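Keep in mind that what you see is a predicted model, and the values were worked out from it rather than measured. When a residue number appears, it is its place in the shown sequence, counting from 1.
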Amino acid sequence: MSTETFEFQVEARQLLQLMIHSVYSNKDVFLRELVSNASDALDKLRLEKLWDDSLDADVSDLHVEIDVDKDARTLTVRDNGIGMSYDEVGRLIGTIANSGTAKFLQELKEAKDAAGEEGLIGQFGVGFYSGFMVADEVTLLTRRAGESQGTRWTSRGEGTYTLETVDDAPQGTSVTLHLKPADPENQLHDYTSPWKIREIIKRYSDFITWPVRMVPEASASAAADESGEAEAPEPETLNSMKALWARSRDEVSDDEYHELYKHIAHDWRDPLETIRLQAEGTFEYQSLLFLPAHAPQDLFTRDFKRGVQLYVKRVFIMDDCEALLPPYLRFVKGVVDAADLSLNVSREILQQDRHIELMRRRLTKKVLSTVKEMKTKDQERYDTFWREFGTVLKEGLVTDPENRDAILAVASFATTHHDTEPATLKQYVERMKDGQEDIYYLTGESRQSIENSPHMEAFRDRGIEVLLLTDAVDEVWADAVGEYEGKKLRSVAKGQIDLDAKDEETPDADREKRTEEYAGLLAWMKEQLDEDIKEVRLSSRLTVSPACVVSDAHDLTPALENMYRAMGQEVPSSKRILELNPDHQLVKGLNQAYKEREDRTELADTAELLHGLAVLAEGGQPKEPARFVKLMADRLERAL
């Protein structure tokens with residue numbers, strides 16, 4: 001057969017060097033990863049055979065087999081699963097799935113700091129490469145189910161690999177490791193030792209659905225039959241194959257749950273929380289869900305695979321079953337095993353199945369109630385959860401009105417009440433001042449930018465607490481929710497907020513007199529800035545800054561407009577409102593100059609500069625930055 005030699009992708013070559021030079025302290029995980037890959041291949045074959053009965057594949061005894069040869073120092077992990085074609089081998093083994101080495105190295109550093117680096121192999125989809133931690137050479141032999149020709153892949157991890165076609169390859173995949181010499185000082189164990197293999201499988205792979213069998217080495221003392229030939233030794237099944245979700249809680253240790261989570265999620269840390277749920281009656285199912293301890297890097301990307309594993313009567317149906325949990329719980333991992341679904345259920349059928357909808361609703365409520373319980377009983381773990389997943393959970397405030405109250409009950413937000421400790425809406429309402437009718441909030445890119453916003457000045461002076469919202473979704477959910485316990489949610493940067501109306505020290509007559517005093521200036525500035533603003537008015541929210549821009553009560557904020565445009569939606573631009581601080585010397589001087597001068601050419605430039613400064617103060621940009629800079633430079637020059 002012809003043999004071709006290829007070079008590894010650059011990232012794969014660098015990763016191989018990491019593996020070969022033993023960057024991982026726990027090298028046992030190579031076997032966990034190879035067995036996990038084999039298990040996935042068996043799942044895929046059984047599922048493909050279920051969908052296509054004409055597929056020429058033997059599914060009568062699906063299993064994983066481990067074979068060692070002490071003399072040759074080889075270890076082989078073999079499965080009779082789906083296998084790979086020649087092209088798939090080149091594509092899947094020659095590259096690293098969606099993981100650049102720079103990102104990998106950064107995660108590796110963080111993981112080593114946390115003493116959990118071994119799990120990065122699975123997290124980055126490079127489990128196959130882990131074999132090079134313990135082997136000088138790796139050989140892969142595979143044949144895709146339904147095809148007649150197989151493929152052999154071989155590499156010493158030195159930058160190249162060879163591919164050749166093979167006529168007599170069995171269905172499935174075998175990975176043969178030519179093991180390095182044992183080196184106990186560097187945690188490189190003798191992986192031809194049966195007891196070591198048993199230990200690793202029991203620790204990491206006991207829950208796998210398929211039998212993991214170890215083939216004992218034939219020996220001269222093996223029993224002989226009547227013909228005098230030695231009988232083949234019986235393979236030893238190393239794993240219990242018991243579904244953890246089907247066993248009672250007192251039969252399963254936390255370590256077993258954690259290993260199942262790591263297998264499902266390809267995570268290197270223990271989960272933050274394990275959630276069990278068993279439903280009985282007209283529709284029965286069992287579920288075992290996990291809340292991760294940290295958010296995956298791609299949680300907010302379009303390609304993120306969400307959903308839990310779906311089984312029917314212990315039979316694996318699909319990975320990433322999206323229909324069982326809403327998108328805002330996409331970080332939840334786990335298993336759901338239903339007793340009353342069809343084995344040939346498809347993703348399309350799931351979207352319309354009444355039972356699936358019932359399961360989805362109950363699983364969602366169970367997750368949210370678990371988070372609420374965590375918040376009540378273990379503040380530290382809740383803080384970790386909210387820091388990692390609060391942003392995505394808040395999406396449910398927009399998309400899931402049915403569970404909105406439950407989400408609000410577990411949501412917490414930074415506020416001006418405390419520099420570091422967030423607060424719930426319930427705590428905010430309990431602290432509201434006498435006579436305060438609304439819950440105030442302000443959105444922005446960071447806490448610092450919000451606290452320095454001119455919109456906050458009057459609230460800060462009066463000691464009125466404000467929610468400081470820095471996530472992009474905050475713009476949307478606050479508008480969608482509208483109120484909490486009868487209290488309206490109001491942005492301090494939208495609409496007319498007249499805190500002086502509640503201030504007995506500022507009589508109505510004084511406010512009316514001040515409005516009359518500035519009426520001419522306000523009308524004139526509206527004419528000068530008509531292209532950019534819809535109104536000029538006096539402000540009750542400013543105490544230090546001369547001016548600010550606000551959105552009308554029912555208009556979209558600039559941030560929301562930009563968000564919708566980024567999503568491809570056509571959104572018309574809304575004119576803003578310019579508010580002036582009548583107690584600021586600049587505004588007083590402008591008003592006086594307006595009344596005294598007939599030639600207001602320079603005053604028009606001043607009005608334009610004032611508007612530009614207000615836009616800059618809220619983090620925006622003047623419409624014509626170059627003109628704004630020129631006007632400012634000219635004005636500064638004349639002031640020298």
Derivation and outcome, salt bridge (Lys or Arg N to Asp or Glu O under 4.0 Å), residues Glu199 and Lys196: CA-CA 5 Å; Glu199 176 193 62; Lys196 185 60 180 176; 2.7 Å; yes
Below 4.5 Å, heavy atoms only, C-beta onward: do [X] and [Y] meet side chain to side chain?
| X | Y | result |
| --- | --- | --- |
| Leu393 | Trp386 | yes |
| Phe304 | Arg330 | yes |
| Ser174 | Thr76 | yes |
| Glu388 | Pro292 | no |
| Thr173 | Val77 | no |
| Lys394 | Ile407 | no |
| Leu289 | Leu277 | no |
| Leu163 | Arg152 | no |

Return yes if some donor-acceptor pair links the side-chain N/O of [X] with the main-chain N/O of [Y] below 3.5 Å, else return no.
| X | Y | result |
| --- | --- | --- |
| Arg306 | Leu325 | yes |
| Asn403 | Ala406 | no |
| Glu373 | Thr370 | no |
| Arg354 | Leu358 | no |
| Arg143 | Ser85 | no |
| Ser253 | Glu256 | yes |
| Asn239 | Ile201 | no |
| Glu395 | Pro327 | no |
| Thr301 | Asp298 | yes |
| Asp79 | His63 | no |

Nearest 0.5 Å please: distance from the [atom1] atom of [X] over to the [atom2] atom of [Y].
| X | Y | atom1 | atom2 | answer |
| --- | --- | --- | --- | --- |
| Arg276 | Ser248 | CZ | OG | 7.0 Å |
| Cys321 | Arg360 | SG | CZ | 10.0 Å |
| Ile200 | Asp28 | CD1 | CG | 4.0 Å |
| Glu65 | Thr237 | CD | OG1 | 10.5 Å |
| Thr192 | Asp71 | OG1 | CG | 9.5 Å |

Closest approach of [X] to [Y] (non-hydrogen atoms, all atoms of both residues):
| X | Y | result |
| --- | --- | --- |
| Leu179 | Thr74 | CD1-C, 4.3 Å |
| Pro216 | Pro235 | CD-CA, 4.0 Å |
| Phe290 | Gly334 | CD1-CA, 4.0 Å |
| Lys49 | Asp53 | NZ-O, 3.2 Å |
| Ala169 | Gly150 | CB-CA, 3.9 Å |
| Asn186 | Lys27 | O-NZ, 3.1 Å |

Between Phe30 and Tyr191, ring centroids under 6.0 Å: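 Yes, ring centres under 6.0 Å apart.
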Pair Trp153 and Phe128, ring centroids less than 6.0 Å apart: yes
Residue that, paired with Leu310, satisfies side-chain contact (heavy atoms from CB on, under 4.5 Å) out of Leu324, Asp320, Val335, Asp337: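 Looking at Leu324, Asp320, Val335, Asp337, the match for Leu310 under the side-chain contact (heavy atoms from CB on, under 4.5 Å) is Leu324.
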Working for side chain to side chain contact (heavy atoms under 4.5 Å, CB included), residues Lys333 and Val308: CA-CA 5 Å; Lys333 299 298 181 182; Val308 297; 5.7 Å; no
Qualifying residues under ring-ring contact (aromatic ring centres under 6.0 Å, His included), relative to Phe331, sequence neighbours excluded: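 For Phe331, the residues satisfying ring-ring contact (aromatic ring centres under 6.0 Å, His included) (neighbours in sequence not counted) are Phe385, Phe389.
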Stepwise side chain to side chain contact (heavy atoms under 4.5 Å, CB included) test for Thr160 and Thr162: CA-CA 7 Å; Thr160 64; Thr162 62; over 6 Å; no
Trace of the salt bridge (Lys or Arg N to Asp or Glu O under 4.0 Å) decision for Asp319 with Lys305: CA-CA 9 Å; Asp319 264 322; Lys305 292 184 177 180; over 6 Å; no
Under a 4.0 Å N-O cut-off, is there an ion pair linking [X] with [Y]?
| X | Y | result |
| --- | --- | --- |
| Arg156 | Glu137 | yes |
| Lys242 | Glu251 | no |
| Arg144 | Glu48 | yes |

Identified side chain to side chain donor-acceptor pair (under 3.5 Å) partner of Tyr328 from the options Thr364, Thr399, Asp400: Asp400
Stepwise side chain to side chain donor-acceptor pair (under 3.5 Å) check, His189 with Asp183: CA-CA 6 Å; His189 303 289; Asp183 184 3; over 6 Å; no
Donor-acceptor pair between Tyr86 and Arg91 side chains, under 3.5 angstrom: no
Verdict with reasoning, Leu238 to Arg213, per side chain to side chain contact (heavy atoms under 4.5 Å, CB included): CA-CA 6 Å; Leu238 304 180; Arg213 300 168 182 163; over 6 Å; no
Steps toward side chain to side chain donor-acceptor pair (under 3.5 Å) verdict (Thr139, Thr176): CA-CA 5 Å; Thr139 300; Thr176 300; over 6 Å; no
Tyr261/Asp270 under side chain to side chain contact (heavy atoms under 4.5 Å, CB included): CA gap, chis, key distance, verdict: CA-CA 8 Å; Tyr261 164 74; Asp270 291 339; over 6 Å; no
Worked verdict on Asp190 versus Arg73 for salt bridge (Lys or Arg N to Asp or Glu O under 4.0 Å): CA-CA 9 Å; Asp190 180 6; Arg73 286 201 57 74; 3.4 Å; yes
Side chain to side chain donor-acceptor pair (under 3.5 Å) assessment of Glu280 paired with Tyr285: CA-CA 7 Å; Glu280 298 178 347; Tyr285 61 92; over 6 Å; no
From CA spacing to verdict: side chain to side chain donor-acceptor pair (under 3.5 Å), Gln149, Glu147: CA-CA 6 Å; Gln149 197 171 59; Glu147 296 187 359; over 6 Å; no
Pair Arg249-Asp254, salt bridge (Lys or Arg N to Asp or Glu O under 4.0 Å): steps then yes or no: CA-CA 9 Å; Arg249 178 64 183 90; Asp254 288 340; 2.5 Å; yes
